[in-house]
Every structure is written in C-alpha cells, then in structure tokens.
Amino acid sequence: MTIDPSALSPLGKASEYRCHYAPELLFPIPRQLKRDEIGIDPARLPFVGEDLWNAYEISWLNPRGKPVVALGTFRIPAQTPHLIESKSFKLYLNSFNQSPFADAETVAATLARDLSAAAGGQVTVQLEPLAAQPRPRVDYPSGILLDELDIECDRYQPAPELLQADAGRCVEETLYSHLLKSNCLVTGQPDWGMVVVRYRGPAIDRAALLRYIVSFRGHNEFHEQCVERIFCDISARCTPQSLAVYARYTRRGGLDINPFRSSGEFLPPDNIREVRQ
C-alpha cells in the first residue's frame with residue numbers, strides 16, 4: 001500500500017509553535033505523486049517555472065536580543081523533486097523568532113540552505129527588513145479580464161473537456177480571472193486565487209476557459225498542482241504553440257504561493273501582488 005506523504009504532514013493537525021531555530025520542521029512532499037495523476041513524465045517535464053512564495057511574518061533577534069522584522073521572497077524551481085508543505089514552512093519561519101543571527105544576510109543564507117535541502121534544488125531567497133521601507137506593488141495583469149462574461153456554470157470539478165480553441169485563428173494574448181478557487185488537499189480549506197493564461201496559438205474560447213477555471217471550485221489540490229493541471233489541460237485541449245499559466249493565491253498563515261509554469265517562451269512575471277494579497 002502506498003502512503004500519501006501529505007498524510008504525515010503537520011497540515012490539519014494541532015502543532016506546537018517552536019520559537020528557536022528548527023530546520024527539521026520543513027516537510028517536503030514529492031511533486032511526482034500528483035504529476036503521475038495527470039500523466040507528466042518525470043524525465044520530460046512539459047514546462048519550466050517556479051513557485052514564488054511571499055512571507056509577511058519573518059522575525060529574528062539581532063546579537064543584542066532586539067527583534068528584526070522583514071518581508072521574504074522565495075523562488076523554488078519547478079524542476080525540484082519536492083514542494084514544501086505550507087504549514088511546515090510557516091512553523092519553520094516561526095522557529096526563527098527567538099533565535100539570534102548576526103545580520104539579515106546570515107538569515108537569508110540559512111533560509112536558502114535549509115529550503116534548498118528540503119526542495120532538492122537551489123532556492124533563491126530575498127529578505128527585506130522593514131527598516132529599509134520596502135514598497136511592494138499591487139496591480140492588475142496587462143490582459144483581458146474574463147470575469148464579466150455572462151456564462152452558466154454547473155461543473156465544480158476540473159472539466160478539461162470544456163476547453164475549446166479555434167484552430168483557424170491564431171492569436172497571442174493574455175487572459176485572466178479572479179474566479180479561481182480550489183481547496184486544500186488535506187484540510188479542505190478554500191484557496192482563493194487569480195489565474196493568468198498567456199499563450200500564442202489557436203484562439204482559446206474565452207467563455208469555455210472561464211467555465212473551466214470555475215470548475216476547480218470544488219477540487220482538492222495544492223496550489224502548485226492546480227497550476228500544473230491547468231497548464232497540461234490547456235496544452236492538451238487547445239494545442240498552443242507557447243503557453244504560460246500563473247496563479248497568485250491569497251495568503252494564509254503569513255504566506256502566499258504563486259506558481260508559474262511555462263513552455264519556455266514566456267518568462268516569469270514580476271512579483272506584483274494581486275489586489276487581495
């Protein structure tokens with residue numbers, strides 16, 4: 001019998017918050033478990049990309065015991081063998097609270113080392129102490145909003161058969177929607193997000209795409225896995241020449257997760273917050 005590693009994670013369980021540095025709290029989950037469900041060959045990933053995490057509750061002590069607070073940005077490559085379970089990430093970050101470090105550079109290096117070990121590949125870390133007055137940007141994508149389309153919805157589990165494209169008309173465009181909602185794979189808690197689809201190729205039926213996005217409303221899956229499923233479904237049903245799928249999810253526990261997957265032609269967008277973040 002195969003045991004789902006997510007069942008062993010701290011997610012959905014009562015947890016003791018440790019306030020002294022504890023890298024062992026990080027809980028990696030093999031990405032391939034869910035990739036197998038959608039037919040992704042581990043030897044030939046159909047995409048490149050990253051999982052961009054923003055952390056809003058990072059603090060540690062300076063050598064004199066005075067707290068420092070900071071914002072954090074973490075970029076985990078999509079080709080790493082593991083994703084990091086979000087509650088374990090939160091517990092790990094909280095373990096810095098009563099731990100002294102020489103400076104922000106030492107904290108960043110520690111985070112990069114531990115997260116890279118958990119993910120199985122190089123994780124990039126950027127810390128911005130609030131004393132430096134960082135000013136994150138909030139904006140909307142440059143593209144076409146689908147949400148005002150007058151559509152009828154009655155599918156609330158992923159329905160790739162809804163997707164359609166006009167093979168006789170090729171375009172390059174960016175479409176986006178704030179109506180993405182899925183649920184945590186373990187707890188069933190709702191995950192709210194905005195999804196952006198940028199592509200070049202046969203024109204995707206916009207109403208069909210919006211119905212497909214809404215069909216995730218009752219689906220239980222982690223953020224990263226939902227984006228990969230969307231990417232693979234659009235690739236298979238609409239056969240774009242180039243494709244990128246990007247989602248920005250609202251934060252939980254001081255963290256937001258923003259997965260990006262691309263066929264390679266489109267670069268990751270800037271780290272611009274969705275209005276609900």
Side-chain angles (χ1 to χ4, degrees), residues 1-11 23-24 26-53 74-89 92 112-125 157-161 163 180 182-186 191 193 195-201 212 215-216 219-249 257-269:
M1 180 178 67
T2 301
I3 298 176
D4 183 351
S6 64
L8 305 176
S9 83
L11 193 60
E24 65 274 12
L26 289 169
F27 190 86
I29 296 176
R31 296 182 187 270
Q32 196 57 41
L33 289 174
K34 280 292 180 175
R35 288 176 175 175
D36 285 342
E37 288 186 9
I38 53 178
I40 295 177
D41 182 350
R44 298 182 61 187
L45 291 182
F47 46 67
V48 295
E50 65 181 17
D51 302 326
L52 169 65
W53 297 63
F74 310 91
R75 296 180 182 272
I76 305 175
Q79 66 268 27
T80 54
H82 297 97
L83 59 84
I84 298 174
E85 189 275 308
S86 59
K87 185 175 180 180
S88 79
F89 202 155
Y92 164 71
R113 181 192 65 220
D114 295 342
L115 294 168
S116 297
Q122 186 60 49
V123 175
T124 302
V125 176
Q157 289 293 333
E161 63 274 13
L163 293 166
L180 178 64
S182 54
N183 305 305
C184 174
L185 179 65
V186 177
D191 293 322
V195 63
V196 182
V197 176
R198 183 180 179 190
Y199 74 98
R200 181 187 304 113
Y212 168 73
S215 76
F216 278 75
H219 183 58
N220 295 348
E221 204 164 45
F222 292 139
H223 305 63
E224 302 92 332
Q225 297 161 349
C226 284
V227 169
E228 293 184 0
R229 186 179 293 274
I230 293 169
F231 181 96
C232 290
D233 285 347
I234 294 175
S235 293
R237 303 287 300 190
C238 302
T239 62
Q241 299 162 13
S242 306
L243 174 65
V245 177
Y246 181 47
R248 292 196 69 97
Y249 282 89
I257 310 172
N258 310 281
F260 171 80
R261 300 293 184 268
S262 169
S263 55
E265 292 79 3
F266 300 122
L267 297 176

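Worth saying up front: this structure is predicted, and the values here are computed from it rather than measured.
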- Test side chain to side chain contact (heavy atoms under 4.5 Å, CB included) applied to Thr124 - qualifying residues, sequence neighbours left out: Arg75
- Note on the structure: Scanning both residues in full, the closest heavy-atom pair of Leu163 with Cys238 reads CB-SG, 4.0 Å
- Phe266 and Tyr246: aromatic ring centres closer than 6.0 Å? no
- Note on the structure: Closest non-hydrogen atoms of Leu26 and Asp114, given as atom of the first, atom of the second and distance, are CD1-O, 3.8 Å
- Minimum side-chain heavy-atom gap Ile29-Phe222 below 4.5 Å: yes
- Heavy-atom closest pair, residues Gly121 and Thr80: CA-CG2, 3.6 Å
- Message: When you measure from the centre of the six-membered ring of Phe231, is the NZ or CZ of Arg261 closer than 6.0 Å and no more than 45° off the axis?
- Response: no
- Message: I want to check something: taking the side chain as every heavy atom from C-beta on, are Val186 and Asn220 in contact at a cut-off of under 4.5 Å?
- Response: no
- Query: Do the charged groups of Asp36 and Arg31 touch, with an N to O distance under 4.0 Å?
  - Reply: no
- Message: Between Ser215 and Ala159 (side chain of the first, backbone of the second, donor and acceptor by atom type, cut-off under 3.5 Å), is there such a pair?
- Response: yes
- Task: Mind checking the CD1-CZ spacing from Ile84 to Phe27? Nearest 0.5 Å is all I need.
- Result: 12.0 Å
- Message: Show the nearest heavy-atom pair for residues Asp191 and Cys184, with the distance to one decimal.
- Response: OD2-N, 3.3 Å
- side chain to side chain contact (heavy atoms under 4.5 Å, CB included) assessment of Tyr199 paired with Ile234: CA-CA 10 Å; Tyr199 74 98; Ile234 294 175; 6.0 Å; no
- Message: For Ala119 versus Val123, what's the shortest heavy-atom pair and its separation?
- Response: CB-CG2, 4.1 Å
- Query: Does Ser262 use its side chain to pair, donor to acceptor, with the backbone of Val48 at less than 3.5 Å?
  - Reply: no
- Task: Can you label the angle between the Phe216 ring and the His219 ring as parallel, tilted or perpendicular, going by 30° and 60°?
- Result: perpendicular
- Are Glu50 and Pro77 close enough that some pair of their side-chain heavy atoms sits under 4.5 Å apart? no
- Task: Flag the pair Glu37 / Arg229 as yes when at least one side-chain heavy-atom distance between them is below 4.5 Å, and no otherwise.
- Result: yes
- Do Leu115 and Ile76 touch side chain to side chain, with heavy atoms closer than 4.5 Å? no
- Task: Taking the side chain as every heavy atom from C-beta outward, state whether Arg248 and Leu52 have any pair of such atoms under 4.5 Å apart.
- Result: yes
- Exam field: side chain Gln32 to backbone Ile40, donor-acceptor pair closer than 3.5 Å: yes
- Message: Restricting to non-hydrogen atoms, name the atom on Leu45 and the atom on Ala78 that form the minimum distance, rounded to 0.1 Å.
- Response: CD1-O, 4.4 Å
- Task: Determine, stepwise, if the pair Tyr249 / Ser86 fulfils side chain to side chain contact (heavy atoms under 4.5 Å, CB included).
- Result: CA-CA 12 Å; Tyr249 282 89; Ser86 59; over 6 Å; no
- Should the pair Glu224-Lys34 be classified as a salt bridge under the 4.0 Å nitrogen-to-oxygen rule? no
- Task: Take Leu83 and Gln225 through the test side chain to side chain contact (heavy atoms under 4.5 Å, CB included) and record every step on the way to the result.
- Result: CA-CA 10 Å; Leu83 59 84; Gln225 297 161 349; 4.0 Å; yes
